[in-house]
Amino acid sequence: MSRHFKHERKSLARRAGVWSARRVVRICNLGILAHVDAGKTTLTERLLFAAGVIDEVGSVDAGSTQTDSLALERQRGITIKSAVVSFVVGDTTVNLIDTPGHPDFIAEVERVLGVLDGVVLVVSAVEGVQPQTRVLMRTLQRLGLPTLLFVNKVDRAGAGDERVLRAIAERLTPAVVAMGSVHGLGTRAPRFVPYGAGDDAFRARLADLLADHDDALVAAYLDDETALPYRRLRRELAAQTRRALVHPVFFGSAITGAGVEALAAGITELLPAAAGDAHGPVSGTVFKVERGSATEKLAYVRLFSGTVGVRDRLAFTGRHGGHEGRVTAIDVFEHGGAVRRPAIGAGQIGRLRGLAEVQIGDTIGASPAARVAEGQFAPPTLETVVVPARPADRGLLHVALAQLAEQDPLINLRQDDLRQEVSVSLYGEVQKEVIGATLAGDFGLEVGFRESTTICIERPVGTGASVERIATDPNPFLATVGLRVDPAPAGAGVTFRLEVELGSMPYAFFVAVEDTVTETLGQGLHGWEVTDCVVTMTHSGYWPRQSHAHATFDKSMSSTARDFRQLTPLVLMDALVEAGTRVYEPMHHFRLELPADTFGQVLPVLAGLGAVPRATAPRGSAYLVEGEIPAARVHQLTQQLPGLTRGEGVLESAFDHYRPVRGPVPSRPRTDHNPLNRKEYLLHVLRRVPG
Ligand SMILES: Nc1nc2c(ncn2[C@@H]2O[C@H](COP(=O)(O)OP(=O)(O)OP(=O)(O)O)[C@@H](O)[C@H]2O)c(=O)[nH]1
Ligand SMILES: [Mg+2]
């Protein structure tokens, strides 16, 4: 790097406010996560108010909060898209990302996970630990994300403190400690009183909890319990929270503001700050894409390393390949609004303009240092055909849906050219309504939806292998490809391996085979995606570009990547036919609370829907039923429940696993990329080729 360039980088980093000899600014990129309606958006509002960013606390129900800013969010009082706001506590700038809790919008949460330094997981003091809370906590633990818990709504009648803390310890993680106590639980004026150095019981609980992961602490503790200074315990609590080993629990009310200042102090004391070298190579992740206008894209980026300035050319890569673009403007989030900046540096979140080809989930910069959190949650299990009210709008519909899919790739457009239909993947019926309303509001498109159908998967049953050799009938391609398919454990996904020497062929041919294998597995023997298998390349062969015999280049005698792309699906489908596949349907785990006297009526309905109750337990005058139910039937149960339970039944469900389909095996309409058809086509062609 030239000295001049180095100097320029340094001053850019200075302008970005991330590098200064005197002032070190801590940044914490914080996610607020919870089950739907736990109070994330209201808590966000309260934190902004406590930090002096807003003068009045907005309300979700009046549609006046900072983060629920979309018209649809305000109408419905529910968060649909994640939103960024920023505030300062002490020496820390907190970039807070408010996320949606409804399981239909889990993709929004997934995109955000990879850019966070810490999380506040909100639990309602009334409803307690809910299914989505468990799904989220499991994921946070898997990713090792430092997490504080906030038990919200302590002002509401029926709120619990000890009860909820016990439920958290039993159902989320035992490594928790309450950071204070609630006075006036269930009243309009509750107070959260943090424990301090003088609380012996708290000190003992802290020492107990922290000693699990710190031998030095155990030794000191065993020596003399009273010898452990409180400050040492607090320091160790922060250290272990930052390593996601323990989870401090705060209590409060986002509506009254109780406990919110203690939580804000906890965020700076206990959660880690963003780390990263502003002078290093540029590396970042795009976690949200918005459209400023029809033509302009706004990319929300978290930088892990390096500095990005206005007019920089950036390289970004994702599932759509690699692209480049020039940054035309940068906004950062500050005091409740967005502010123009000449640059952002490592650790910061910025909104970049000018990257026309950028898509959500893209990695910025050449360095692979950015953390990517993909595939943390189950993929959508439903799909539906979108039908324009006016047939003439078909073209516009496709453009509009493609734009939505840029912001949420899990919408996963599927175009069926044969039937001239387009379908989208879904998490649930609410997402369907939101897509409908967005198409109407943003594109002036009236659409209808067909009834949702389940997205199944296929897994190979046994092992299958096939090989086609070069210049050997009936293989018409200048390529040798041998593939073997073996089943892999559930959840393993697809692995591609080589049993041939990497040097046996030009690398590009291997890439062509691997890419085509991935694409071909998109539609198995029954039309569903094939997963949980290992595909091994057992044979390879090609004819080099320059024929030795003729010493001249003869195109018809030289293998190309195209030969491998065309041959691979035929070989793979042959191997798959030999292996055989079984179709699996998605199953939800459900938790149903209902009046005890309606239990007898509900049970046969559950059976009729293919649900399997696993555990039932009385709960006061109510009954609690847990079990599994096909994802395809959840909606029906939701609709029938009010009638069966006088409107008192509460159903919660979340995807759990795949189960072999019982009864007739559903197959999915094939699209034009279908290799089975290609094979038929090929045979058809071969029959006409003489010799
Ligand atoms: N009594 C009481 N009500 C609360 C409290 N916090 C939130 N609420 C109410 O609970 C409802 C949901 O609050 P939100 O802030 O929208 O919850 P959310 O978690 O952001 O919801 P989603 O983003 O849709 O998942 C609203 O009616 C709030 O007014 C609280 O501490 N006490
Ligand atoms: Mg919300």
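Because the structure is a prediction, the values reported are computed rather than measured. Whatever order the structure lists ligands and atoms in, that order sets their numbers, starting from 1.
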Identity and distance of the protein heavy atom lying nearest [atom]:
| atom | result |
| --- | --- |
| atom 18 (P) of ligand 1 | Lys40 N, 3.4 Å |
| atom 6 (N) of ligand 1 | Asn152 ND2, 3.1 Å |
| atom 27 (O) of ligand 1 | Asp61 OD1, 2.9 Å |
| atom 21 (O) of ligand 1 | Asp37 N, 3.1 Å |
| atom 14 (P) of ligand 1 | Thr42 OG1, 3.5 Å |
| atom 1 (N) of ligand 1 | Asp155 OD2, 2.9 Å |
| atom 5 (C) of ligand 1 | Ile255 CG1, 3.2 Å |
| atom 24 (O) of ligand 1 | Thr79 N, 3.1 Å |

Query raised in the report: Is there a side-chain contact between Leu165 and Val151 (heavy atoms, below 4.5 Å)?
Result: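 A side-chain contact under 4.5 Å is absent here.
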Query - Subset of ligand 1 atoms that lie under 4.0 Å from at least one heavy atom of Ile78 - result: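 Every atom of ligand 1 under 4.0 Å from some heavy atom of Ile78: 24 (O).
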Query - Per-atom contacts, ligand 1 versus Val36 - under 4.0 Å to a heavy atom - result: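 It comes down to these atoms of ligand 1: 24 (O), 25 (O).
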Query raised in the report: Does ligand 1 have an atom that lies less than 4.0 angstrom from a heavy atom of Ala34?
Result: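 No, Ala34 has no heavy atom closer than 4.0 Å to ligand 1.
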Report task. Could you tell me whether any N, O or S atom belonging to Thr67 is less than 2.8 Å from the Mg ion (ligand 2)? Result ->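 Within the cut-off used here (under 2.8 Å), Thr67 places no N, O or S atom near the Mg ion (ligand 2).
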Report task. Examine all N, O or S atoms of Thr79, backbone included, and report whether one is under 2.8 Å from the Mg ion (ligand 2). Result ->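 Given the 2.8 Å cut-off, Thr79 counts as a ligand of the Mg ion (ligand 2).
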**Report entry** Residue among Ile344, Asn29, Val112 satisfying side-chain contact (heavy atoms from CB on, under 4.5 Å) with Arg302
**Finding:**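 One option only clears the test, and that one is Asn29.
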Query raised in the report: Does NZ or CZ of Arg111 fall inside the cone over Tyr300's six-membered ring, less than 6.0 Å from its centre and within 45° of the axis?
Result: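 Arg111 over Tyr300 ring: no.
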Requested in this report: Report the part of Lys153 (side chain from C-beta onward, or backbone N, CA, C, O) that has a heavy atom under 4.0 Å from ligand 1; answer both or neither where that applies.
Outcome: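 Both backbone and side chain.
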Query raised in the report: Looking only at heavy atoms, is any part of Val60 under 4.0 Å from ligand 1, and if so is it the side chain, the backbone, or both, or is it neither?
Result: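 Side chain only.
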Query raised in the report: Using 4.0 Å as the upper bound for N to carboxylate O, is an ion pair formed by Glu73 and Lys81?
Result: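 Here Lys81 does not pair with Glu73 in a salt bridge, since their nearest N and O are not under 4.0 Å apart.
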Query raised in the report: Do you know which of Glu626, Arg134, Glu628 makes side-chain hydrogen bond (donor to acceptor under 3.5 Å, both in side chains) with His589?
Result: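 So the option named by the test is Glu626.
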